[in-house]
Protein chains: 2
Amino acid sequence: MQDKGIELLISQDTNNMNYLTGYDAWSFYYTQCVIVHVNAEEPLCFVRAQDAGGAYIKTYLKRENIIVYEEKYIHTWPMHPYDPLIELIKKNKWDKLNIGVEMDSHYFTAYCYEKLKQGLPNAKIKDSDRLVNWARLVKSESEINLMKGAALISQEAMKVAMKTINPGVRQCDAVGEIQKSLFYGTKEFGGEYSSIATLLPTGKGTSASHLTATQDKFVEGEATIIELSGVYKRYHAPMARTVLLGKPDQLKIDTMKKTIEALEMGISAVKPGNTADDVAQAFWKILDKYGIDKKSRTGYSIGIGYPPDWGEHTLNIYKGDMTVLEPNVCFHMIAVMQFGDWGVEASEAIRVTETGSELFCNMSKELHIK
Amino acid sequence: MQDKGIELLISQDTNNMNYLTGYDAWSFYYTQCVIVHVNAEEPLCFVRAQDAGGAYIKTYLKRENIIVYEEKYIHTWPMHPYDPLIELIKKNKWDKLNIGVEMDSHYFTAYCYEKLKQGLPNAKIKDSDRLVNWARLVKSESEINLMKGAALISQEAMKVAMKTINPGVRQCDAVGEIQKSLFYGTKEFGGEYSSIATLLPTGKGTSASHLTATQDKFVEGEATIIELSGVYKRYHAPMARTVLLGKPDQLKIDTMKKTIEALEMGISAVKPGNTADDVAQAFWKILDKYGIDKKSRTGYSIGIGYPPDWGEHTLNIYKGDMTVLEPNVCFHMIAVMQFGDWGVEASEAIRVTETGSELFCNMSKELHIK
C-alpha cells in the first residue's frame, strides 16, 4: 500500500476478503468489503447485519472490527450500502486520504464507485491495480497443502466423470455423480462448492469452452470436455480432460497428442527465474510446428476461488506476460483448442518449485476413448 | 426504453442477457453484454472469441449479431474488452446517443463504466434502473412451467437433505447427496447448477444465513438450516427449511410455529392489486403480536438465476415497497429469523394467481425434528 501511495484500501473482491480476514459465506451477491488502513492493526470487515453472525464465526477479527450495515439497504435503490460505508469513512476521518479501490473486480459496481466519488469529494480514489491479488500470487506452504487436498478431490471427481459419461446417459445425471464426488472428496479432505460450475460441453458444444450440462443425453461418437475443480477451504486445483465415446477419431486423437506435447513443452520451461512468457513461447513453439492456431491464453494463476472465477487475475500464461516465476507460484495451464464446430481440452494445475515444477494432479491427459 | 429516454441499452446482467437472447454459459467471469438499440430488429450479443461457439448454439440471434472481441483482452489490463465495445459503438454511429447501463449490476464494474465515459464523451450515459429486471417481473406461462419443473427438483432435494442430515455425518457428504439430487432432478426435469450454493448453516451457524457446508459433522441436539433451489433451464424455485437433530427444543419449535403463522398471514395477503407492502404488513403484524423483532426483508422476486443471486433485484417483500402484485409475479417469501447465536428459517416460492396465490412447492414448513 505504501509503495502504491494507498492509505486506505477498499477491497470488495470476495477472494481478497477471504485472504485478508478469513470471511467465507455466500453473501457476495450484494455489497460487502474489507477496509484496510495502512496503519491499522486489523482490517475492518463491512457486511450486512444478517451476515454479522457469519463474520464472527469465520473471520479472525475482533468483534469491534466487524461493522454491519442495516438491512434496509438491501436492494432498495437509491438507498445503498455505500451510504453507511461513506459515513464510516468520514467518522474515522479517512475522507481526505488516498483511497485504493478494485476498479475491475467483480461486484465493485459502477454504482459503488459513483457513490464513493460523490460521497468523498476530498478523497483521492485510485485503482489498486489488483494489489491484494498480486499479494496472493506466491503461496505459503499451508496454502499449498490446501491445494494438494483440492487436487485429490479433483482426481476423484474426474475418475467419476470418465466412468459415468456414456452414450444414453443424461448430461445432468453425470454432473450429479461428479458433484457428489466433489463434495464427498476424500476421507481427509471434504469438498466444497466450486467457484465455476462443472463445465461439460459435448458434441458441437466442444467448440465452446464454457457450456454447462443440459438434460440431453451423451451421443455415441461424440466428444465431451470435462472441466472441474476440487475445492478445499476455498482453494482450487482445476483440471480439464476430454472423453470420446465410441469409434476413435484420428483427427481428435492427433490434435490431443499435439496439444499435450505443447503443454508438456510449456511445463518443461517452468522454473524460478523464467517468465510466464517463456512458458508461453515453449507451448506455442510446438503449436507452430504443427501449424495449429490458438489465440487465447494458455493459463492463469490460481488459489482461492469464489464464483464466478477461480483465476486470480494476475499472471497469464500468454506471450508478452513478463511476470517472473517464483517458487510456490501456482497456475492452471490449460489448452482450450477450438476448431470451428469441435474442440479438445486438457490442463494441469502446476506449482513452481525451487528447481522446476510439480503437478498437483496425476492423471493422463490423453483423449479418453471408451 | 422509449419511456426512459434510452436509445441504446448495454445490459451486462447475466440474467438479463439470458432473458434477452437465450445466451447461457459460464462465461460471465469477464466482460460480456447484450446491446439493444431501440429501433433494432435484434439485440447484439458481445462475447469473447472463445465463447462465440456457445453463443451460436445458445442464442436465437443471427450470426451477424454475435460480435466477438479478441482473446488478447482477457485480464490484460490496461487493455480491456470495453475498448473494442467502444469501437463497435462508434462504428455504428451510436456514440452520441442516450445510453442506458446497469449501474449496480454484478459484473458491470467501475472499470467498465470509466471506459465508457472516457471512450464516449458525447454520449449521455445513465442508469437504466434495472429496466430489463422489471420487464422480467411478470412471467409468461412458459416461464411458470419452467419454475414448476424447478420446484419439483427443489422438493426432491429437500427430502434428500432431511433424510441425509444426521448426527455424525459430515456436512459436505450431505451436500454431496443434495447436489446429486438437484442435478438428477426428475425423469422429466433434469437439474442444473444453482445460482446460489446449497446454504447449510448449522449449530451456532444458524445465527447467520449464508454459511455453506464444511467437513465438520452434524451434532446431536443442533439445528441446521437448508436453503436450496432446483433449477430448470435457469429458472429457480428456492426453498428453505430447518431440521433439528435430537431432543425437541421448545423455544425453537415455538419460534418456528410463530414464523410459519407470520408467513401464512403474509401469503394470505397475496393477490392482484395488493402491494408487496400489504404482504409485509400482514407478516410483521404476527411478529409484532409475539414481540419478535426482524429487520431484514422477507422476500424478493425470482425467476432466472445466475451466480451469485437468484433474486431479481426488483420487488422486495418489505414494508414500504409499494409494487403492485399482478398475476404471474413470482417471489421467494423467506423468513430468516436470527436471535443472537441461533436461528430458524422457512420459505415458500410463490406465484400470484388471478385470485390469490399458489405455492410452487408442497412441503411442511414445520421444524423437522429427528
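Note that the coordinates shown come from a computational prediction; the quantities given were computed from them, not determined experimentally. To find a chain, count down the sequence lines: A is the first, B the second, and so on, and within it residues start at 1.
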Point to revise | Option in E102(B), K72(B), H106(B), M103(B) with maximal non-hydrogen atom pairs under 4.5 Å from chain A | key: M103(B)

**Study point:** Region of S105(B) in contact with chain A, defined by heavy-atom distances below 4.5 Å
**Key:** backbone

Point to revise | Summary of salt bridge (charged side-chain N to carboxylate O under 4.0 Å, His left out) pairs that have at least one residue in residues 191-212 of chain B, sequence neighbours excluded | key: E192(B)-R234(B)

**Study point:** Interchain contact, Q171(A) with chain B, by part (heavy-atom threshold 4.5 Å)
**Key:** neither

Check your understanding: Considering only heavy atoms, which portion of Y306(A) lies under 4.5 Å from any heavy atom of chain B: side chain, backbone, both, or neither?
Key -> neither

**Study point:** Euclidean distance, H236(A) NE2 relative to I153(A) CD1, rounded to 0.5 Å
**Key:** 10.0 Å

**Study point:** Pairs of heavy atoms under 4.5 Å with chain A: top-ranked of R130(B), K319(B), K115(B)
**Key:** R130(B)

Point to revise | Side chain / backbone / both / neither for D127(A) at chain B, heavy atoms under 4.5 Å | key: side chain

Study note, to complete from the structure: Applying a strict 4.5 Å limit to non-hydrogen atoms, the region of T14(B) in contact with chain A is neither

Review point. For K294(B), does the NZ atom sit with more than 12 other heavy atoms under 6.0 Å from it, leaving out its own atoms?
Key: yes

Study note, to complete from the structure: Okay, D104(A) and chain B: the region with an atom under 4.5 Å from a heavy atom over there is both

Practice item. Heavy-atom distances under 4.5 Å only: say whether Q338(A) touches chain B with side chain, backbone, both or neither. Key: side chain

Revision key, fill the gap. The interface call for S194(A) against chain B, heavy-atom contacts under 4.5 Å, is neither

Check your understanding: Between Y56(B), F189(B), Y193(B), which residue shows the highest count of heavy-atom pairs closer than 4.5 Å to chain A?
Key -> Y193(B)

Check your understanding: For the residue pair F28(A) and W26(A), does the interplanar ring angle fall in the parallel (under 30°), tilted (30 to 60°) or perpendicular (over 60°) class?
Key -> tilted

**Study point:** Pairs where residues 177-187 of chain A contributes a residue and the test salt bridge (charged side-chain N to carboxylate O under 4.0 Å, His left out) is met, not counting sequence neighbours
**Key:** E177(A)-K180(B), K180(A)-E177(B)

Study note, to complete from the structure: dist Y23(A):OH -> K58(A):NZ (nearest 0.5 Å) comes out at 10.0 Å

Exercise for review: Verify the ring-centre separation between Y113(B) and Y113(A): is it less than 6.0 angstrom?
Suggested key: no

Study note, to complete from the structure: Bottom line for E227(A): the part with an atom under 4.5 Å from chain B's heavy atoms is neither

Review point. Highest number of heavy-atom pairs under 4.5 Å with chain B: which of A110(A), G176(A), G190(A), G53(A)?
Key: A110(A)

Check your understanding: Are side-chain N/O atoms of S181(A) and E156(A) paired as donor and acceptor at under 3.5 Å?
Key -> no

Point to revise | Test salt bridge (charged side-chain N to carboxylate O under 4.0 Å, His left out) applied to K126(A) - qualifying residues, sequence neighbours left out | key: none

Check your understanding: Can E71(A) and R297(B) be counted as an ion pair, charged N to O under 4.0 angstrom?
Key -> no

Point to revise | Rounded distance [0.5 Å steps], OG in S296(B) versus CG in D51(A) | key: 10.0 Å

**Study point:** Distance-only polar pair, side chains of D13(A) and S11(A), donor-acceptor under 3.5 Å
**Key:** no

Check your understanding: Does any heavy atom of chain B fall under 4.5 Å from the side chain of I196(A), the backbone, both, or neither of them?
Key -> both

Exercise for review: Could you tell me which of D173(B), T31(B), D321(B) has the largest number of non-hydrogen atom pairs under 4.5 Å with chain A?
Suggested key: D173(B)

Review point. Looking at Y30(B), Y318(B), Y107(B), which makes the most heavy-atom pairs under 4.5 Å with chain A?
Key: Y107(B)

Review point. With chain A, which of D341(B), I74(B), D129(B) has the greatest number of heavy-atom pairs at distances under 4.5 Å?
Key: I74(B)

Review point. Taking the side chain from H210(A) and the backbone from L199(A), do they hold a donor-acceptor pair closer than 3.5 Å?
Key: no

Point to revise | M337(A) side, atom CE; T206(A) side, atom OG1 - distance, nearest 0.5 Å | key: 13.0 Å

Exercise for review: Scan side-chain atoms only and decide if Y300(B) and H332(B) contain a donor-acceptor pair under the 3.5 Å cut-off.
Suggested key: yes

Check your understanding: Which residues in residues 308-315 of chain A have a heavy atom less than 4.5 Å from any heavy atom of chain B?
Key -> P308(A), D309(A), H313(A)

Revision key, fill the gap. Per-residue tally against chain B (heavy atom, under 4.5 Å) across A208(A), C112(A), A197(A) peaks at A197(A)

